[in-house]
Protein chains: 2
Amino acid sequence: MTYSIGQVAEMFDLPISTLRYYDKEGLFPSLERKSGIRKFSEVEIDALRVIECLKGSGLEIKDIKQFMDWCTQGPETYVQRKELFERRLDALEEEMTRLSRMRDMLKYKCWYYDTALADGGEERIQAMLPDNLPPDVQELYDSGFRS
Amino acid sequence: MTYSIGQVAEMFDLPISTLRYYDKEGLFPSLERKSGIRKFSEVEIDALRVIECLKGSGLEIKDIKQFMDWCTQGPETYVQRKELFERRLDALEEEMTRLSRMRDMLKYKCWYYDTALADGGEERIQAMLPDNLPPDVQELYDSGFRS
DNA sequence: GTAAAAGCTAAACCTAACTTTAGGTCAAGT
DNA sequence: ACTTGACCTAAAGTTAGGTTTAGCTTTTAC
């Protein structure tokens, strides 16, 4: 069973142009054609599922291509593939830590403008900075701006 | 007290060209000059601290400019500013949820290649898919690929 | 058998956020 | 006065990840 580029585009809700772009970038190393027309098989469908995941985790296209090439090469590249995912996992956990601090910063800003609106001005808040905010807010402030 | 563009660049560990770019984009609405040369004051230093935070939370330059303009306009824009931060907070929490699923996917992939290496092949794992993985791994798989 | 729909390619275009380049000005020290 | 280093601008270049365009060919439906 094979699928046309249009069917695949619909399955994954991707523009056809994106699929052609991925192909051009070498993301479907074993894609076949019949008189010039691409025939997507289960292999490419699986590849697309992996591509969506890897892209979602922040991997660049060229690194996804590398991974696809390793898959084509067989079991001798298990170590490389595993190390790729380990590096991605480390990078993603760092990113989540960073976002967590940014979230605290944003929560602080929300409190700031809530309070400024209630007060009708920023003077009272400014007088509390940088060390005399309400304890729960102080925590957000320290996490968001000082670490 | 004012600072030269070079001093500010060093303080924030940013290239001079980036500061000029920010200025061109309108991120320092009250930046002054003496015979053409930029004089950065505390106002711009504060602005830069805010810029770094907003950028880190994913805001685009044009939205940061909007925020700076609102700040210049005074208390009548408190509501807009607050809503900007609330929208950012929602977007960031959605992004963290997404990354959390991606992390599970990556953890699954790490387990997959660990196991493939130990087994010397993927056959045993493939036979367990998609519903008969070890329970802890199954959880990662379901979270990473199916939700 | 013909017309529309779907497919193809190469190449140009797009956006964000900078960076680099080219050519000129300003300021500080000797 | 002069040299050197820091500063200036406008405009072009860069990168990633596509998208659009123009001009074709192939397939499908009637």
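Labels below follow one simple rule: chain letters A, B, ... track the order of the sequence lines, proteins then strands, and each chain is numbered from 1.
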Undergrad: In this structure, how many angstroms lie between the C1' atom of C/dC18 and the CD1 atom of B/Ile16, rounded?
TA: 15 Å

Undergrad: When you compare the protein's N or O atoms with those of nucleotides 9-13 of chain C, which come within less than 3.5 Å of each other, and at what distance?
TA:
from: C/dT9; atom 1: OP1; to: A/Arg33; atom 2: NH1; distance (Å): 2.9
from: C/dT9; atom 1: OP1; to: A/Arg33; atom 2: NH2; distance (Å): 2.9
from: C/dT9; atom 1: OP2; to: A/Arg38; atom 2: NH1; distance (Å): 3.3
from: C/dT9; atom 1: OP2; to: A/Arg38; atom 2: NH2; distance (Å): 2.8

Undergrad: May I ask you to test the A/Trp111-A/Lys107 pair for a side-chain heavy-atom distance under 4.5 Å?
TA: no

Undergrad: What is the separation between atom CG on A/Leu31 and atom P on C/dG7, rounded to the nearest whole Å?
TA: 13 Å

Undergrad: Does the distance from a Lys or Arg side-chain N to an Asp or Glu carboxylate O, for B/Arg98 and B/Glu95, drop under 4.0 Å?
TA: yes

Undergrad: Minimum heavy-atom separation for B/Ser57 and B/Arg88, please, with both atom names.
TA: O-NH1, 2.6 Å

Undergrad: Heavy atoms within less than 4.0 Å of DNA chain D: which residues of residues 85-93 of chain A have one? Give them sorted by number.
TA: none

Undergrad: So, are A/Asp90 and A/Arg87 salt-bridged, with charged N and O less than 4.0 Å apart?
TA: no

Undergrad: Does a side chain donor of either B/Glu44 or B/Ser41 reach within less than 3.5 Å of an acceptor in the other side chain?
TA: yes

Undergrad: For residues 9-29 of chain A, which side-chain N or O atoms pair as donor and acceptor with protein atoms under 3.5 Å away, sequence neighbours left out?
TA:
from: A/Asp23; atom 1: OD2; to: A/Arg33; atom 2: NH2; distance (Å): 3.3
from: A/Asp23; atom 1: OD2; to: A/Arg38; atom 2: NE; distance (Å): 2.7
from: A/Asp23; atom 1: OD2; to: A/Arg38; atom 2: NH2; distance (Å): 3.4

Undergrad: Where along nucleotides 21-27 of chain C does protein come under 4.0 Å, by heavy atom, of base (B) or sugar-phosphate alone (S), with - for untouched nucleotides?
TA: -----SS

Undergrad: Counting only heavy atoms not in A/Gln7, do more than 12 sit closer than 6.0 Å to its CD atom?
TA: yes

Undergrad: Nearest whole angstrom, please: distance from the P of C/dA16 to the OH of B/Tyr21.
TA: 8 Å

Undergrad: Just verifying a value: how many Å separate B/Asp69 CG and B/Arg81 CZ, rounded to the nearest 0.5 Å?
TA: 11.0 Å

Undergrad: Can you find a pair of side-chain heavy atoms, one from A/Ile45 and one from A/Arg49, that are under 4.5 Å apart?
TA: yes

Undergrad: Would you check if A/Arg103 and B/Glu93 make a side-chain contact, meaning some heavy-atom pair closer than 4.5 Å?
TA: yes

Undergrad: I want to check something: taking the side chain as every heavy atom from C-beta on, are A/Leu84 and B/Lys109 in contact at a cut-off of under 4.5 Å?
TA: no

Undergrad: Using atom NZ of B/Lys65 as one end and atom P of C/dA17 as the other, report the distance to the nearest whole Å.
TA: 14 Å

Undergrad: Can you check whether B/Thr18 has a side-chain N or O nearer than 4.0 Å to OP1 or OP2 of C/dA17?
TA: no

Undergrad: Using distance alone, with no hydrogens and no angle criterion, decide if A/Asp142 and A/Gln138 have a side-chain donor and acceptor under 3.5 Å apart.
TA: yes

Undergrad: Taking all non-hydrogen atoms of both residues, which atom of B/Met128 and which atom of B/Pro134 are closest, and how far apart?
TA: SD-CD, 3.8 Å

Undergrad: Answer yes if the side chains of A/Tyr112 and A/Gln126 hold a donor-acceptor pair under 3.5 Å, and no otherwise.
TA: yes

Undergrad: Students should find this one: the first and last nucleotides of DNA chain D, 5' to 3', lying under 4.0 Å from a heavy atom of chain B. What are they?
TA: D/dC7 to D/dT9

Undergrad: Does anything in residues 54-63 of chain A come within less than 4.0 Å of DNA chain D? Heavy atoms only, and list the residues if so.
TA: A/Lys55, A/Glu60, A/Ile61

Undergrad: Answer with yes or no whether the side chains of B/Glu86 and A/Tyr113 bring together a donor and an acceptor at under 3.5 Å.
TA: no

